[in-house]
Amino acid sequence: MKLSVVMPVYNEQSTLHEVITRVLAVPLDIELICVDDASTDGSREILSQIQTTDPQIRVLLQSKNMGKGAALRRGIQEATGDFIIIQDADLEYDPAEYSLLLRPLLEGKADVVYGSRFLGSGPHRVLYFWHSVGNWVLTLISNMLTNMNMSDMETCYKVFRRETLQSIRIEENRFGFEPEITVKIAKRRLRVYEVGISYSGRTYEEGKKIGWKDGFRALWCLLKYSLRESRQVSTKKAG
């Protein structure tokens, strides 16, 4: 079983070495695809140096800054593993939990697994109240529109069967990827599981990039794709 880890990178010089080390320390057959979104802080140079020393790493360079969704779209297209997981380049999510996320897929129960920050007993850093309210509101609206009962639509950790994810056309260039992909998997009636994960959020001073404008964009994406996407019947069999 091969796992493709798709990691969008934009100005993550301070955490890049450590997160890559953690990903490669996972005892799985891993293909790490790092898509640098035109970083200006030295991240691109770090990636180029690391790539020369480890054959597990593939580095893709965007010619200009296009956003997280655009970087993910390119990385997903290049993935060759049996499964694909999204991994941010900061240290908010722990790669040691990959095995927990993969379990429902490997057992043939799921087509998609979301790592929920609001389930389970793992450690969670205490941060912004209004961010948690925003996440709750967006997840609630997502659930109303998709008729799913998720606890964390906006989580980074999403794991897919490769052929499932590559068959879905991704259009959003920025943080709209999360609501877009959630609506599209719901419309395809894919089997979705959630697994509780730990979470070590960071502050804006530490490099957090998502803001309130992205929250409004997420709401717009939920409405747009819910109205536009037609419901499909999934014929994919687990195996």
Side-chain angles (χ1 to χ4, degrees), residues 4-13 15-16 19 31-44 46-47 58-80 84-90 92-93 112 114-115 131 134-135 137-139 141-142 145-146 150 152-160 162-188 190 201-202 204 207-230 232:
S4 293
V5 180
V6 178
M7 181 189 297
V9 177
Y10 180 65
N11 289 350
E12 299 289 1
Q13 182 180 24
T15 59
L16 199 49
V19 72
E31 168 190 59
L32 175 56
I33 302 174
C34 299
V35 185
D36 183 84
D37 196 26
S39 293
T40 58
D41 70 338
S43 295
R44 182 167 288 207
I46 291 173
L47 288 172
R58 296 171 58 196
V59 176
L60 306 176
L61 305 178
Q62 300 282 70
S63 59
K64 62 180 180 179
N65 181 255
M66 298 173 64
K68 180 179 179 178
L72 287 174
R73 182 165 59 242
R74 186 175 179 193
I76 289 165
Q77 290 170 349
E78 296 283 340
T80 62
I84 298 174
I85 187 169
I86 309 302
Q87 171 72 56
D88 283 348
D90 52 36
E92 293 189 335
Y93 296 83
V112 183
Y114 277 42
H131 267 275
N135 282 332
V137 170
L138 287 172
T139 298
I141 295 171
S142 173
L145 293 171
T146 62
M150 286 185 176
D152 192 7
M153 179 272 291
E154 286 280 353
T155 181
C156 159
Y157 269 175
K158 296 175 172 66
V159 194
F160 306 79
R162 178 179 55 82
E163 63 272 20
T164 297
L165 184 54
Q166 289 181 339
S167 71
I168 299 174
R169 180 171 172 251
I170 298 168
E171 302 169 56
E172 292 298 311
N173 284 335
R174 285 184 50 79
F175 294 105
F177 168 81
E178 317 295 354
E180 177 190 2
I181 200 67
T182 300
V183 171
K184 289 183 175 181
I185 65 175
K187 293 288 187 178
R188 285 160 175 77
L190 297 171
R202 60 180 178 172
Y204 286 103
K208 194 173 188 67
K209 298 178 177 66
I210 193 166
W212 63 269
K213 290 182 179 179
D214 296 300
F216 282 108
R217 178 66 187 180
L219 178 58
W220 165 246
C221 289
L222 285 171
L223 295 171
K224 178 175 72 171
Y225 293 110
S226 293
L227 292 171
R228 198 190 73 183
E229 291 288 309
S230 59
Q232 303 176 27

Asker: Taking all heavy atoms of L138 and all of A218, pick out the closest pair and write down the distance.
Answerer: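 Closest heavy-atom pair between L138 and A218: CD1-CB, 3.9 Å.
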Asker: What's the separation between atom CG in L47 and atom CD in E12, rounded to the nearest 0.5 Å?
Answerer: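 Answer for the CG-CD pair, L47 versus E12, is 10.5 Å.
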Asker: Would you say the side-chain atoms of S4 and E31 include a donor-acceptor pair closer than 3.5 Å?
Answerer: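 Yes, because at least one side-chain N or O of S4 sits under 3.5 Å from a partner of the opposite role on E31.
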Asker: Search all heavy atoms of F177 against all heavy atoms of G69 and return the closest pair with its distance.
Answerer: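 Closest approach of F177 to G69, heavy atoms only: CB-CA, 4.3 Å.
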Asker: Between CD1 of I33 and CD1 of I84, what distance do you get to the nearest 0.5 Å?
Answerer: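 That separation rounds to 7.0 Å.
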Asker: For the OH atom of Y225 and the NZ atom of K187, what is their distance to the nearest 0.5 Å?
Answerer: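 Y225 OH to K187 NZ: 13.5 Å, rounded to 0.5 Å.
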Asker: When you measure from the side chain of N135 to the backbone of D152, do you find a donor-acceptor pair of N or O atoms at a distance under 3.5 Å?
Answerer: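 A pair under 3.5 Å: no.
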Asker: Is there a donor-acceptor pair under 3.5 Å between the side chain of K158 and the backbone N or O of M153?
Answerer: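 Side chain of K158 to backbone of M153, a donor-acceptor pair under 3.5 Å: yes, one is there.
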Asker: Salt bridge or not between K224 and E172? Use side-chain N to carboxylate O under 4.0 Å.
Answerer: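 Looking at K224 and E172, the cut-off is met.
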Asker: How would you list, by chain and number, every residue that makes a side chain to side chain donor-acceptor pair (under 3.5 Å) with E180, sequence neighbours excluded?
Answerer: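 With neighbours one apart ignored, the set is K184.
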Asker: If you round to the nearest 0.5 Å, how far is CD1 of I86 from CG of L165?
Answerer: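 The CG atom of L165 sits 6.0 Å away from the CD1 atom of I86.
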Asker: Would you say the side-chain atoms of S43 pair up with the backbone N or O of Q13, donor to acceptor, closer than 3.5 Å?
Answerer: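 Looks like yes, one N/O pair under 3.5 Å.
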Asker: Keeping the roles fixed (side chain from R217, backbone from R174), state whether a donor-acceptor pair exists under 3.5 Å.
Answerer: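 Such a contact is absent between R217 side chain and R174 backbone.
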Asker: Quick one: does V59's side chain get under 4.5 Å of L61's, heavy atoms only?
Answerer: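 Side-chain contact under 4.5 Å: yes.
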Asker: Strictly below 4.0 Å, N to O, side chains only: are R169 and E229 in salt-bridge contact?
Answerer: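 Not counted as a salt bridge, because no side-chain N and carboxylate O are separated by less than 4.0 Å.
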Asker: Nearest heavy-atom pair of N11 and S39: which atoms, and what distance?
Answerer: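 Taking N11 first and S39 second, the nearest heavy atoms are N-OG, 2.9 Å.
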Asker: Side chains of L219 and I141: does their closest heavy-atom pair fall under 4.5 Å?
Answerer: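 SC-SC contact between L219 and I141 confirmed.
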Asker: Report the distance from atom CZ of R74 to atom CG of L60, rounding to the nearest 0.5 Å.
Answerer: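 So the gap between those two atoms works out to 4.5 Å.
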Asker: If you take all heavy atoms of A38 and K64, which pair is closest and at what distance?
Answerer: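 The pair with the smallest heavy-atom distance is CB-C, 3.5 Å.
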Asker: Is any side-chain heavy atom of I185 closer than 4.5 Å to one of F160?
Answerer: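 The answer is yes, as the side chains (C-beta and beyond) meet within the 4.5 Å cut-off.
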Asker: Treating T15 as the side-chain partner and A89 as the backbone partner, does any N or O pair qualify as donor plus acceptor under 3.5 Å?
Answerer: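 Flag set: sc T15 to bb A89 pair under 3.5 Å.
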Asker: Are N173 and R73 packed together at the side-chain level, in the sense that at least one heavy-atom pair is separated by less than 4.5 angstrom?
Answerer: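 Heavy-atom side-chain distance check passes, below 4.5 Å.
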Asker: Looking at D90, D88, D37, which hits salt bridge (charged side-chain N to carboxylate O under 4.0 Å, His left out) with K68?
Answerer: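 Result for salt bridge (charged side-chain N to carboxylate O under 4.0 Å, His left out) with K68: D88.
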Asker: How far does CG of L72 sit from CD of Q77, to the nearest 0.5 angstrom?
Answerer: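 The CD atom of Q77 is 11.0 Å from CG of L72, to the nearest 0.5 Å.
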Asker: I'd like to know if the side chain of Y93 and the backbone of C156 have a donor-acceptor N/O pair within less than 3.5 Å.
Answerer: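 Looks like yes, one N/O pair under 3.5 Å.
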Asker: Answer yes or no: is there a donor N or O on one side and an acceptor on the other, between the side chain of S167 and the main chain of T164, under 3.5 Å?
Answerer: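 Yes; judged by distance alone, with no hydrogens or angles, the pair exists.
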Asker: If only atom types and distance count, is the side chain of T155 paired as donor or acceptor with the main-chain N or O of G115 below 3.5 Å?
Answerer: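 Yes; judged by distance alone, with no hydrogens or angles, the pair exists.
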Asker: Quick one: closest heavy-atom pair of E178 and I181, and the distance?
Answerer: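 In this case the closest contact between E178 and I181 is O-CG2, 3.4 Å.
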Asker: Of all heavy-atom pairs between G176 and C221, which one has the smallest distance, and what is that distance?
Answerer: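 Looking at all heavy atoms of both residues, the closest pair is CA-SG, 4.0 Å.
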